[in-house]
Amino acid sequence: MNNKEKYYITTAIAYASRKPHIGNSYEIVLTDAIARFQKLIGKDVFFLTGTDEHGQKIQLEAEAKGISPQQYVDGVAGEIKDLWGLMDTSYDKFIRTTDPAHKKVVQKIFKKLYDQGDIYKSEYEGWYCVPCESFFTETQVTDGCCPDCGRPVQKTKEEAYFFKMSKYQDRLMKHIEEHPEFIQPESRKREMINNFLKPGLQDLCVSRTSFSWGIPVDFDPAHVIYVWIDALSNYITALGYDPDGSSDLYKKYWPADVHVIGKDILRFHTIYWPIMLMALGEPLPKQIFGHPWLLFDNDKMSKSKGNVMYADDLIRHFGVDGIRYYLLSEMPFAQDGNITYETIIARYNSDLANTIGNLVNRSVAMVSKYFGSVIPAPAAYNDLDNDLVATALSTVADVKSKMDNLKASDALSSILNLARRSNKYIDETMPWALAKDESQKERLQTVLYNLIESIRIISVLISPFMPSTSAKIAGQINAGELSWESIQSFGKTKAGVNVGIAEPLFVRIDENEKMAQILAEQPKTAPAEKQEEPEKDTKPEVSIDDFAKLEFKTAKIISAEKIEKSDKLYKLIVEIGTEQRQIVSGIAKHYTADELIGKTVIVITNLKPVKLRGVESNGMLLAASIGDDLSLCTTDKPFPGGAQVR
RNA sequence: GGCGGUAUAGCUCAGUUGGCUAGAGCAUGCGGUUCAUACCCGCAGUGUCGAUGGUUCAAAUCCGUCUACCGCUACCA
């Protein structure tokens, strides 16, 4: 009985280590808008979101709080659900990777892949982060440092399971070539092909023994299934996939029509995930969209920078639809978007309050004033109407085509254009002048009818983006029909029904006042955030003997030379007492050679020598860093090289 | 270093397969209007379409080189 076309859409599952900020929340709002739109045009939509709840980081956070990991993630998952609720999102299912059903199927998947030889056990030589007690592949290591804690990693061996990625490489390459829409946006596709597929895929390490908070490998319980197989398979376990026979739900909805994810995890979704599915013999998702990031004042949002915005705070100030509108209209398709309080206020006032809000308000007010709140029947058309009608209809078509390509911001700007056209129509037809002339009554009826109809169309079109505003508008004009079908032609508004009371949809915001209010709130939240900061970066306690193993000395830089074919590396010659040494250091982004020469810095002198870019390095300079910013450690007063540092 | 992307009005960006006086929104200035949330409508702009060569009857749009910024990737003991 249900023969609607199905549409399966997912967000990435959010990592349940802490409350997501507004940048993280953008994803679910975008996905929600797409899902609601597809529903509106008549598809049978299934919208999945959820949380990724395993891993060492969560284990550590829980330990620090003195509670079990399960208790910890229960708390965070609850917070996330609350936020998603506040954002007015309409997901059909919220999966948690700690759900028993998910765990069971992930174990089966692992076993199946092992049994068919795609997963094998081996010695893993990789990068190891001591304080975190965890392993990383070459590619996971960011800037020579642990991706979790940011400290240097070292090479070590561990027994582990591996997935034979290379076996499916050619098939994947072919698939990507034959399905140009598979990876979006386009430029990301090239990155994946050129950086990973063409050079050849390495086998992926898919288990850990260094921590226990995860899904155990059932036939080898010392191992825990590492994040990729666990997290990615949520997209199919949520529907009831099972290697021994899947559910009807799965058969109906899989493959996904689109996975909406952040651009940072594109690799896992466009390479590892499809390969896993190939290995399982399941169809691949149709499309993967790596959306851009939302930046705060052109800077990455992070706790340590103190520039984090949270959805709940923003909603308090600007309303859900105010924020949804901002996120959806301001974010470009492929480039990072930006958010500041000032720009939110500017967009809110001009687009929502002035253009849309005022249009509805003035139109409803005129119906009340001139026709006792009863929507009049159209009676006398003329040429002024043609363009409004044409714009309304072409907007409907345009929004559809934009949304089919996931271009939410373009779709919204198209709708805004219709609102502007409608405002202009009022000026062209001058209803207040028509009202003074009894002989123009039929014309006045027509004008107001057309306006209400145009507003009705707008309210339908914005419903995926601003659901509650859409409902409010529909309420004010008492629109009966809000279906997609009803806006395929102009004129489905019913004459003779009463409009409601004209109430402003969006109250204009006074920028100065609002900014003062926001600033006044900031101190309250800042200290609370700072408290959490230190514990995240704390290493295990060591004895004085551990410290004594390291030798630090002052060193005077006597020459600095950029290493060829490297962006960051300097070959430095330093003087430590009477000795001269060559040290390679990655600080070229922060210091020029001239700035370095003559400085007295602190050096670890008994570090095992290594070669970097073929150049030998006998030690390491100490430097402080926050994010991308870096500052060398020097002595407080002029000091010669060679002095002990302790 | 390798791969890729972007550089267009003060700001944020559109500009499909090269074609007439290069566009939109916001901000600015001027004018109009009063139904409406000091709102709306109109007009005015400014632009060496990053720089420089080339292909072409014709290039913001194609090709070469250069510069700046961004992303992915490697190097940062």
If you measure from the [atom1] atom in [N] to the same atom in [M], how many Å do you get, rounded?
| N | M | atom1 | value |
| --- | --- | --- | --- |
| B:C49 | B:U8 | P | 11 Å |
| B:A44 | B:G10 | C1' | 16 Å |
| B:C20 | B:A59 | P | 11 Å |
| B:G23 | B:A68 | P | 33 Å |
| B:G15 | B:A38 | P | 35 Å |
| B:U6 | B:C40 | P | 35 Å |

Nearest whole angstrom, please: distance from the [atom2] of [N] to the [atom1] of [X].
| X | N | atom1 | atom2 | value |
| --- | --- | --- | --- | --- |
| A:Asp427 | B:G42 | CG | P | 8 Å |
| A:Met430 | B:U33 | CE | C1' | 9 Å |
| A:Ile183 | B:G71 | CD1 | P | 20 Å |
| A:Glu186 | B:G4 | CD | P | 13 Å |
| A:Met192 | B:U73 | CE | P | 7 Å |

(request) Taking the six-membered ring of A:Phe318 (Phe, Tyr or Trp), confirm whether the NZ or CZ of A:Lys514 is under 6.0 Å from its centre and within 45° of its axis. (result)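 Yes, a cation-pi geometry.
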
(message) Whether the side chain of A:Asn195 and the base of B:C72 hold a donor-acceptor pair under 3.5 Å is what I'd like checked.
(response)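 When only heavy-atom distances are counted, A:Asn195 does reach the base of B:C72 through a donor-acceptor pair under 3.5 Å.
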
(request) Evaluate the side-chain proximity of A:Ile455 to A:Gln476: yes if any heavy-atom separation is below 4.5 Å, no if none is. (result)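 Contact flag for A:Gln476/A:Ile455 side chains = no.
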
(request) Answer yes or no: is there an ion pair linking A:Glu181 with A:Lys189, defined by an N-O contact shorter than 4.0 Å? (result)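 So A:Glu181 does not pair with A:Lys189 through a salt bridge.
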
(request) For A:Asp321, enumerate each residue passing the salt bridge (Lys or Arg N to Asp or Glu O under 4.0 Å) test, keeping only those at least two apart in sequence or located in another chain. (result)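 Salt bridge (Lys or Arg N to Asp or Glu O under 4.0 Å) list for A:Asp321, sorted by chain: empty.
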
(message) Tell me every residue that passes salt bridge (Lys or Arg N to Asp or Glu O under 4.0 Å) with A:Lys556, counting only those two or more places apart in sequence or in another chain.
(response)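 With sequence neighbours excluded, A:Lys556 shows a salt bridge (Lys or Arg N to Asp or Glu O under 4.0 Å) to no residue whatsoever.
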
(request) Go ahead and write out RNA chain B as dot-bracket, 5' to 3': ( ) for pairs within the strand, [ ] for ones crossing earlier pairs, | when the partner sits on another strand, dots for unpaired; Watson-Crick or G-U wobble, both distances under 3.5 Å. (result) (((((((..((((.....[...)))).(((((.......))))).....(((((..]....))))))))))))....

